[in-house]
Amino acid sequence: MQLVEIAAPDFDLPMTLNSGQVFHWDKAGAGFVGTIGDEPVYLEQREDSLVASGGDEELLRNYFALDHPLSEICASFPDDLAMSAAKKFCRGLRIIRQPKWECLATFICSSMKQVAHIRQIARKLREQFGEARKIDGHRVVHTFPSAKRIAAASEEQLRECALGYRAKNLLGTARAAASGEADLEWWSALSDIDLRARLCALPGVGAKIANCVMLFAYERLRAFPIDVWIERVLRKQYFPRARKLNAARLRAFTEEYFGDHGGYAQQYLFHHARMSKTKGKSSGRVAGLSPSRT
DNA sequence: TTCCAGGTAACGC
DNA sequence: GCGTTACCTGGA
């Protein structure tokens, strides 16, 4: 088999793949199997390098954003307790560059779902509508179905992938993307404001999902998705006594406080909060923060 | 078993 | 504007 080894300093592969930005990588041996675009790939981290079977160096470097100046990005984070703890915990976590349609479609499926379930839905969509590809001639993975392929399915067929009410939204968005009415590639040229507006006009896409897609597929590193995890952290850390704090105010705060790399800061806070919660069984609090009062 | 989750969009005030 | 509610499903 053809192995590629590339230098990958300041990079933590398992953490990056398990941080809730991408949902299709499966553990396999000492590494992971999945796809980058339509390329089937096996990946493994060996100290400061990334070893891959399938895919070339350029593809890997681009997908994992190995060119992001991580230390500079981290240095630009605001200096506070929650941020420092998250920064320490998430060393090597990178915001990757995902294919636009795949990212958009996956996040439409994510609403009101936990990570484990999003993974299941993504897997079913791939198995049902994607194409099988072999890695090293044996291990089979499936590509993510094109917008055209999803658009050709019926809502009923999509519901069989456990999408529930999301099926209608996914189908609507797939049709818009397949017809060219929503030209995801062309949208790269838009400003953050305009891009967000276009995304939010698609069925099943609100502010949160639009921000996820902007961050994970359009490399808009300021985009700051606010979900229930992040909201808990923000409230606890930055507004401990605020009685009323609506979405608009929260958004204004994150925009100003976290700045140009807000998306990275968000991802670090998010991943740290999730991992702290699920690790210590009994303590339902976020590590590094004060316990919640009831 | 029952509850509710990493959200959106429609509705009522 | 702002808060409330229905929408599907399966894991805890």
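Below, chains carry the letters A, B, ... as their sequence lines are ordered, and counting in each starts from 1. Computed from heavy atoms alone, side chains included, the values below leave out hydrogens, waters and symmetry copies.
Across all strands shown, nothing is found opposite C:dC8 as a Watson-Crick or G-U wobble partner with both distances under 3.5 Å. Remark: B:dG6 base-pairs with no nucleotide in the shown strands. Criterion, Watson-Crick or G-U wobble with two distances under 3.5 Å.
Within the 4.0 angstrom heavy-atom criterion, base atoms lie near A:Arg166. Across all strands shown, A:Val205 has heavy atoms under 4.0 Å from sugar-phosphate atoms exclusively, and none from any base. Across all strands, A:Glu231 comes closer than 4.0 Å to no nucleic acid atom at all (heavy-atom distances). Within the 4.0 angstrom heavy-atom criterion, base atoms lie near A:Gly20. A:Leu158 comes within 4.0 angstrom of nothing in the nucleic acid, heavy atoms only. If you check every strand for non-hydrogen atoms under 4.0 Å, A:Ala207 touches sugar and phosphate atoms only.
Inter-residue side-chain proximity for A:Leu104 and A:Val205 is flagged as met; some heavy-atom pair is nearer than 4.5 Å. Inter-residue side-chain proximity for A:Arg139 and A:Tyr42 is flagged as unmet; no heavy-atom pair is nearer than 4.5 Å.
Two different hydrophobic clusters hold A:Leu70 and A:Leu60 under the rule that ILVMFWY side chains link at heavy-atom gaps under 4.5 Å. In this structure, A:Val41 is not a member of the same hydrophobic cluster as A:Val141, with clusters built from ILVMFWY side-chain heavy atoms closer than 4.5 Å.
In the set B:dG6, C:dG10, C:dC8, B:dG6 carries the atom at the smallest distance from any side-chain atom of A:Arg274. Of the candidate nucleotides B:dG6, B:dG7, C:dG10, C:dG10 has the atom nearest to the side chain of A:Gln120. Here the nucleotide nearest the side chain of A:His117, chosen from C:dG10, B:dG6, B:dG7, is C:dG10. Of the candidates C:dC8, B:dG6, B:dG7, B:dG6 carries the atom nearest the A:Arg232 side chain, counting heavy atoms from C-beta on.
The neighbour count for A:Arg123 CZ, taken as heavy atoms of other residues, nucleotides or ligands under 6.0 Å away, does not exceed 12.
Listed in residue order, the members of residues 208-225 of chain A having a heavy atom less than 4.0 Å from DNA chain B are A:Lys208, A:Ile209.
The side-chain hydrogen bond (donor to acceptor under 3.5 Å, both in side chains) search around A:Asp194 returns A:Ser191, not counting sequence neighbours.
Spacing of P atoms, C:dC8 relative to B:dC11, comes out at 15 Å, to the nearest Å.
Remark: the backbone N or O of A:Leu163 is paired with a side-chain donor or acceptor of A:Arg166 at under 3.5 angstrom.
Here C:dG10 presents its P atom at 6 Å from NZ of A:Lys124, a figure rounded to the nearest Å.
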